Q: 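The structure is given below, and queries will be raised subsequently.
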Amino acid sequence: MLHVSGDDIWAPLFRATHSSAFHLEVRDSYAVADEAEALRRWAAGEPYEREEQPDSWRAWDELMIETAGRDVALERLRVITVPHSDYVRWLLENTADNVETGEEVRWLPRNLVQPAEVPADDYWLFDRTTVAYTTFAEDGAFMGLSITTDPRLVGWAVEVRETLWPRGIDHAVYLDSERVRM
């Protein structure tokens, strides 16, 4: 397994992808450094305009637009606890940006799946041939990616995707659900 970290770890993976990129998120909160100010302002009820967003957010949006423009399916499944954490509530209000750039985002309340069906770790699955586990410190800070093409690990990631993705609820539908109004 190859571990990579740094500023530009995503672009090579997405640019090498030909058909699909699936992201599984299983945490109810993260401590990603470039989200801290946006999250703080959201919690305080303060506006956070698009032009104030960090360069890393703009770079991500551009990479997603570029990738979707090559007809790569971009899928993001968030397995979450209801009632929602503050972090998930913030994501719910900001996921339209992901959808706008070409991602299909679904939400899967944890109570709708068996605990054993949900992995402990987040990952990206690229073209069903490469898995990039997103690694985090104990405090939730992003540490980098651990990348593998091991057929057993890739097969497992594909199986998890095939089990969970169809049960996810489309972002727009989920926003209108009673779970969001709780």
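Note that this is a predicted model, so its numbers are computed, not measured. Each residue takes its place number in the sequence, starting with 1.
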Q: Within this structure, what is the NE2-OG1 distance for the pair His18 and Thr129, rounded to the nearest 0.5 Å?
A: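 Interatomic distance, His18 NE2 to Thr129 OG1, rounded to 0.5 Å: 8.5 Å.
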
Q: Closest approach of Ala96 and His171, non-hydrogen atoms and distance?
A: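 Where Ala96 meets His171 most closely, the heavy atoms are N-NE2, 4.0 Å.
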
Q: Distance from Thr67 atom OG1 to Trp60 atom CH2, nearest 0.5 Å?
A: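 The distance works out to 8.0 Å.
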
Q: Would you mind listing every salt bridge (Lys or Arg N to Asp or Glu O under 4.0 Å) that reaches into residues 8-32, with sequence neighbours excluded?
A: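 Qualifying pairs, neighbours excluded: Arg15-Glu66, Glu25-Arg76, Glu25-Arg78, Asp28-Arg110.
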
Q: Between Pro166 and Arg161, what is the shortest heavy-atom contact and its length?
A: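 The answer is CD-O, 3.8 Å.
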
Q: Contact between Leu24 and Asp122 at the side-chain level, heavy atoms closer than 4.5 Å - yes or no?
A: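 No, every pair of side-chain atoms sits at 4.5 Å or beyond.
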
Q: Is the Trp90-Tyr30 ring centre distance short of 6.0 angstrom?
A: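 Trp90 vs Tyr30: aromatic centres not under 6.0 Å.
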
Q: Check Ala157 against Val131 and note the closest heavy-atom contact, atom names and distance.
A: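 Looking at all heavy atoms of both residues, the shortest contact is CB-CG2, 3.6 Å.
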
Q: Contact between Leu92 and Tyr174 at the side-chain level, heavy atoms closer than 4.5 Å - yes or no?
A: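 Result yes, sub-4.5 Å side-chain heavy-atom pair found.
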
Q: Please give me the minimum heavy-atom distance between Ala68 and Gly102, naming the atom from each residue.
A: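 Residues Ala68 and Gly102, closest heavy atoms: CB-CA, 4.1 Å.
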
Q: With clusters defined by side-chain heavy atoms of hydrophobic residues (ILVMFWY) lying less than 4.5 Å apart, directly or transitively, does Phe126 cluster with Leu2?
A: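 Result: yes, single cluster for both.
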
Q: Any side-chain heavy atom of Arg128 within less than 4.5 Å of one from Phe22?
A: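 With C-beta onward as the side chain, the pair stays apart.
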
Q: Which pair of non-hydrogen atoms, one from Pro119 and one from Val160, has the smallest distance, and what is that distance?
A: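 For Pro119 and Val160, the tightest heavy-atom pair comes out as CG-CG1, 3.7 Å.
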
Q: Just how far is it from atom CG of Leu125 to atom CG of Leu153, taken to the nearest 0.5 Å?
A: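 Result: 11.5 Å between the selected atoms.
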
Q: Would you call Glu75 and Arg106 a salt bridge, using N to O less than 4.0 angstrom?
A: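 Salt bridge: no.
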
Q: Answer yes or no: is there a donor N or O on one side and an acceptor on the other, between the side chain of Ser85 and the main chain of Val88, under 3.5 Å?
A: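 Side chain of Ser85 to backbone of Val88: a pair is present.
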
Q: Which residues satisfy the salt bridge (charged side-chain N to carboxylate O under 4.0 Å, His left out) test with Asp150, sequence neighbours excluded?
A: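 Only Arg152 meet the salt bridge (charged side-chain N to carboxylate O under 4.0 Å, His left out) criterion with Asp150.
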
Q: Nearest 0.5 angstrom please: Leu63 CG to Arg58 CZ, how far?
A: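 It comes to 15.0 Å.
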
Q: Decide yes or no on side-chain contact (heavy atoms from CB on, under 4.5 Å) for Trp57 and Asp97, but give the supporting numbers first.
A: CA-CA 10 Å; Trp57 288 18; Asp97 291 345; 5.8 Å; no

Q: Output all residues satisfying side chain to side chain donor-acceptor pair (under 3.5 Å) with Arg70, sequence neighbours left out; order by chain, then residue number.
A: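 Result, side chain to side chain donor-acceptor pair (under 3.5 Å) vs Arg70: none returned.
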
Q: Kindly check if the number of other-residue, nucleotide or ligand heavy atoms within 6.0 Å of CD (Glu162) is above 12?
A: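 Yes.
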
Q: Could you tell me if the side chain of Glu103 sits less than 4.5 Å from the side chain of His23, heavy atoms only?
A: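 Not touching, per the 4.5 Å side-chain cut-off.
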
Q: I'd like to check Glu35 versus Trp42 (side-chain heavy atoms, cut-off strictly below 4.5 Å). Are they in contact?
A: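 Not touching, per the 4.5 Å side-chain cut-off.
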
Q: Are side-chain heavy atoms of Thr101 and Leu74 found at a separation under 4.5 Å?
A: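 Not in contact.
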
Q: Can you list every pair that meets salt bridge (Lys or Arg N to Asp or Glu O under 4.0 Å) and has a residue in residues 164-175, with sequence neighbours left out?
A: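 Pairs touching residues 164-175 that pass the test: Glu117-Arg167.
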
Q: Quick one: do Asp86 and Arg89 make a salt bridge, cutoff under 4.0 Å?
A: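 Answer for the salt bridge query: yes.
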
Q: So, does Ser177 use its side chain to make a donor-acceptor pair with the main chain of Val173 at under 3.5 Å?
A: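 Looks like no, no N/O pair under 3.5 Å.
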
Q: Got a donor-acceptor contact below 3.5 angstrom from the Thr135 side chain to the Gly144 backbone?
A: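 A pair under 3.5 Å: yes.
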
Q: May I have all residue pairs that pass salt bridge (Lys or Arg N to Asp or Glu O under 4.0 Å) and include part of residues 130-139, sequence neighbours excluded?
A: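 Applying salt bridge (Lys or Arg N to Asp or Glu O under 4.0 Å) to every pair that reaches into residues 130-139, excluding sequence neighbours, yields nothing.
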
Q: Got more than 12 heavy atoms from elsewhere within 6.0 Å of CD, Glu159?
A: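 Open.
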
Q: Taking atom CE of Met1 as the centre, report whether more than 12 heavy atoms of other residues, nucleotides or ligands fall under 6.0 Å from it.
A: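 It does: Met1 CE has more than 12 such atoms within range.
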
Q: So do Ile9 and Phe142 actually touch side chain to side chain, heavy atoms under 4.5 Å?
A: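 Yes. Closest side-chain heavy atoms under 4.5 Å.
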
Q: Taking the side chain as every heavy atom from C-beta outward, state whether Thr134 and Leu145 have any pair of such atoms under 4.5 Å apart.
A: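 Yes, close enough: below the 4.5 Å cut-off.
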
Q: Using 0.5 Å steps for rounding, measure from the CG atom of Leu91 to the CD1 atom of Ile80.
A: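 Going from CG on Leu91 over to CD1 on Ile80, the span is 10.0 Å.
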
Q: Please identify which of these residues, Leu164, Val118, Leu108, Leu77, meets the side chain to side chain contact (heavy atoms under 4.5 Å, CB included) condition with Val26.
A: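 Only one option passes, and that is Val118.
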
Q: Could you pull out all residues at least two apart from Tyr133 that satisfy ring-ring contact (aromatic ring centres under 6.0 Å, His included)?
A: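 Here no residue qualifies.
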
